[in-house]
Each structure stands twice: as structure tokens, then as C-alpha cells.
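Chain identifiers are assigned alphabetically (A, B, ...) following the order of the sequence lines, protein sequences preceding nucleic acid strands; residue numbering begins at 1 within each chain.
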Protein chains: 2
Amino acid sequence: MNKIYCPLNYTMKLIGTKWKPLVLFHLLEGPVRSGKLQNKVPHISNKMFTQTVRELEKDNLITRKVYPVVPPKVEYELTEKGKSLESILKSLDSWGKEMSAFS
Amino acid sequence: MNKIYCPLNYTMKLIGTKWKPLVLFHLLEGPVRSGKLQNKVPHISNKMFTQTVRELEKDNLITRKVYPVVPPKVEYELTEKGKSLESILKSLDSWGKEMSAFS
DNA sequence: ACAATAAGTTACCTAAATGTGATATAGGTA
DNA sequence: TACCTATATCACATTTAGGTAACTTATTGT
């Protein structure tokens, strides 16, 4: 008892992984091509990148737009739901910047 | 090329796990005894609770205060660094609340 | 003697996350 | 014909996270 329902659980389920916040963060500026987005995220593997955007798409945080050309062209873009994370993502980033300034 | 250094990485290393944000969130009100804190976090196991607070302590986000009594009494409390996460934690929580309101 | 207590540890196990390397695609170009 | 391109998938291995149950500790109250 005295247990508290905490919506934070829901949030962590959606974006509580190593890569998701990074990918979302780099989409804040607008739509980005797949390869370029992947390049913006240091050290992410091919597989994890794909897996991450797939899940973000499933959870309606980003959209995936495929152009039927060869070689393929794919763009990812934040949905409204994704955009609503903007201030949180920026806060997390600037908190990290402040904190890593020490040590 | 075009890779961007992102302090978000640092942030995610410190608090990017299933339980850490939850534990920190429940410390926002002030110091809490170990058992009581654990009870506030639904479904956390004994082991994960201990492991989580150990890591938070190591990263200087919380302090652990042991009273030399029997049976043991231990209190956890946010450090200044931990307190600086307050607005982020609350934002994550209220974002979760808004979003889980749909679906 | 022995049970109760609060906080934690230990050994052992399963599940989830992440990484690596090879392969697929299909049209344009050398 | 063979290769290049951007995007993605597959099989497999490894690493990390998380769970369960038993055990420890030292004192007080029975």
C-alpha cells in the first residue's frame, strides 16, 4: 500500500531505451533522410537504428515516408505526438551538457 | 561525418533505465526510508531496488544515510544534482499522463 | 531459546536489449 | 555483365537487465 500510480511508467515504455531519445532529438529540426539520421546518431548499429525507428513509428511518435525510387529514399519525421516531446528532449540534452561540464 | 555530439547520451547513461526515473521521482518530496521508498515503486523487486539506489548513489544523484540502530534504518535523499532533475522528472510524468489519457 | 524486525546480499536463472556480419533489392551507370 | 547506391532484413552471438528465493545481521521482546 501507499503505492503510487505513476504515468512515468508509460513514458519510459515509449522512450526509455538507449537510442530512442537520441533519434527523436535529431528529428526536432524537421524531416531527415534515413541514412542521414543514422549518421547523426554516433555508434548506432544498422540493426538498432531500423529497430528503433520501427518502434517509434508503431508508437506513433514518428512517420516514415517512402519514395518509390532507386536507390531507395526514406524520410522520417516527428508526428504531433513526437513533437510534444520537444521541450523534454531539449531539457534532457541541456541537463546532460551542464552535468558533463563537471567531472 | 555530420555526426553530432549529444549530451543526451550522458543523461541517458545516468537515468536511462526502467527504474531510475521512478525512484528519483518518488524522492522529490524529500528523504524517504528505504522500505517506504521501495513500496512506492510498484512491482520493483528487492534486488532491483537495491541495485538501482546503489547506482544512483554512485552517480551522485542520491545520498544514503544509515542510522546505526536495530533493526536497520536507512534513508535516501536527493542530492543537489538529483534535485536538478525535478522539472524533467515532472515533465516526463505529466507527458505520460497526457498521452495515456488517449488509447 | 527463539521469533520478529528492516535492510540488504547471494546464487541462480530467464528475458530483453544490443551487436556483428552476411544478404536482398532494383534500377542506373561503367 | 558487373558494380554501385540507400535502405533494410536475417541469423546468430553476446551483453545487460531483471526476477526469485533463500540467507544474513543484531537487537528487542516473548
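- Contact check, B:R64 against C:dG8: a side-chain N or O comes under 4.0 Å of OP1 or OP2.
- Rounding to the nearest 0.5 Å gives a distance of 13.0 Å between OG1 of B:T52 and CD1 of B:I15.
- Within the structure, salt bridge (charged side-chain N to carboxylate O under 4.0 Å, His left out) contacts touching residues 12-25 of chain A (residues at least two apart or in different chains) are A:K20-A:E55.
- Classified by interplanar angle (parallel below 30°, tilted 30° to 60°, perpendicular above 60°), the ring pair A:Y10/B:W95 is tilted.
- Remark: B:Y76 is in phosphate contact with C:dG8, judged by side-chain N or O atoms under 4.0 Å from OP1 or OP2.
- In the interface, the side chain of A:K47 is paired with the base of C:dT18 through a donor and an acceptor atom under 3.5 Å apart.
- Toward the 5′ end of DNA chain D lies the nearest nucleotide of A:P72, the other residue of the pair A:P72 and A:Q51 mapping further downstream.
- Taking the nucleotide of DNA chain C with the nearest heavy atom to each of A:I44 and A:P71, the more 5' of the two is matched to A:I44.
- Nearest nucleotide to the A:T50 side chain, out of D:dA6, D:dT9, C:dT18: D:dT9.
- Among the heavy atoms of the strands lying under 4.0 Å from A:S34 are primed sugar atoms or P, OP1, OP2 only; no base atom is included.
- Which of C:dT18, C:dG8, C:dA26 sits closest to the side chain of B:N46 comes down to C:dG8.
- Residues that satisfy the side chain to side chain donor-acceptor pair (under 3.5 Å) test with B:Q51, not counting sequence neighbours, are absent from this structure.
- In terms of phosphate contacts, B:K73 brings no side-chain nitrogen or oxygen within less than 4.0 Å of OP1 or OP2 of D:dA26.
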